[in-house]
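Structure first, commentary second.
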Amino acid sequence: MIVFGTKGYLYQLAMLSLVCGRCGNPAAHALRKRVRKFTLFFVPLFPVSTTYATQCTFCGGEQRVTPEQARRLQAQEAGGG
């Protein structure tokens, strides 16, 4: 018998100060990366999908971003603004 499936991982990449597109408040946003990996016998082997999103700490609204936008936001945060 072969046991296989997927498992999700969530990584917080940065904390950014942005204006929320949902509530309109300037608030901190967490830039997060979600990775779903294929597992065989409960051992993660390779990524199946990867998505990026920002989440507002004020209202909890989440907005998906492209990998290029995520890289730009990370560089902006590392550069200090």
Side-chain angles (χ1 to χ4, degrees):
M1 173 157 74
I2 297 176
V3 180
F4 64 92
T6 60
K7 181 174 172 144
Y9 296 89
L10 183 64
Y11 303 99
Q12 183 165 315
L13 302 175
M15 286 299 289
L16 309 161
S17 294
L18 302 170
V19 176
C20 181
R22 182 176 171 198
C23 67
N25 289 309
H29 285 68
L31 176 61
R32 296 183 175 155
K33 175 181 176 181
R34 284 191 177 90
V35 179
R36 182 150 302 277
K37 293 187 177 183
F38 177 80
T39 61
L40 184 63
F41 293 106
F42 307 103
V43 177
L45 296 177
F46 55 88
V48 176
S49 70
T50 302
T51 59
Y52 296 88
T54 59
Q55 184 176 23
C56 178
T57 57
F58 189 80
C59 69
E62 189 170 287
Q63 181 178 356
R64 280 196 174 182
V65 295
T66 65
E68 179 57 35
Q69 289 172 326
R71 279 190 287 275
R72 251 187 273 132
L73 288 169
Q74 257 189 303
Q76 175 186 343
E77 190 263 344

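Across all non-hydrogen atoms, the minimal contact from V65 to A53 is CG2-N, 4.0 Å. For C23 against F58, the heavy-atom pair with the smallest separation is SG-CD2, 3.9 Å.
Legend: residues meeting side chain to side chain contact (heavy atoms under 4.5 Å, CB included) with R64, ordered by chain and number and at least two apart, are T51. Partners of Q63 under the side chain to side chain donor-acceptor pair (under 3.5 Å) rule, at least two apart in sequence or in another chain, do not exist in this structure. Under the rule for a side chain to side chain donor-acceptor pair (under 3.5 Å), the partners of R71 that lie at least two apart in sequence or sit in another chain are E68. In this structure L45 satisfies the side chain to side chain contact (heavy atoms under 4.5 Å, CB included) test together with F38, L40, V43, sequence neighbours excluded.
In Y9, the OH atom is crowded: over 12 heavy atoms of neighbouring residues, nucleotides or ligands sit closer than 6.0 Å.
F42 places a side-chain heavy atom less than 4.5 Å from the side chain of V3.
Listed by first and then second residue, the side-chain hydrogen bond (donor to acceptor under 3.5 Å, both in side chains) pairs involving residues 23-39 are T6-R36, R32-Q55, R34-E62 (not counting sequence neighbours).
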Determine all donor-acceptor pairs shorter than 3.5 Å in which one atom belongs to a side chain in residues 10-21; sequence neighbours excluded.
none

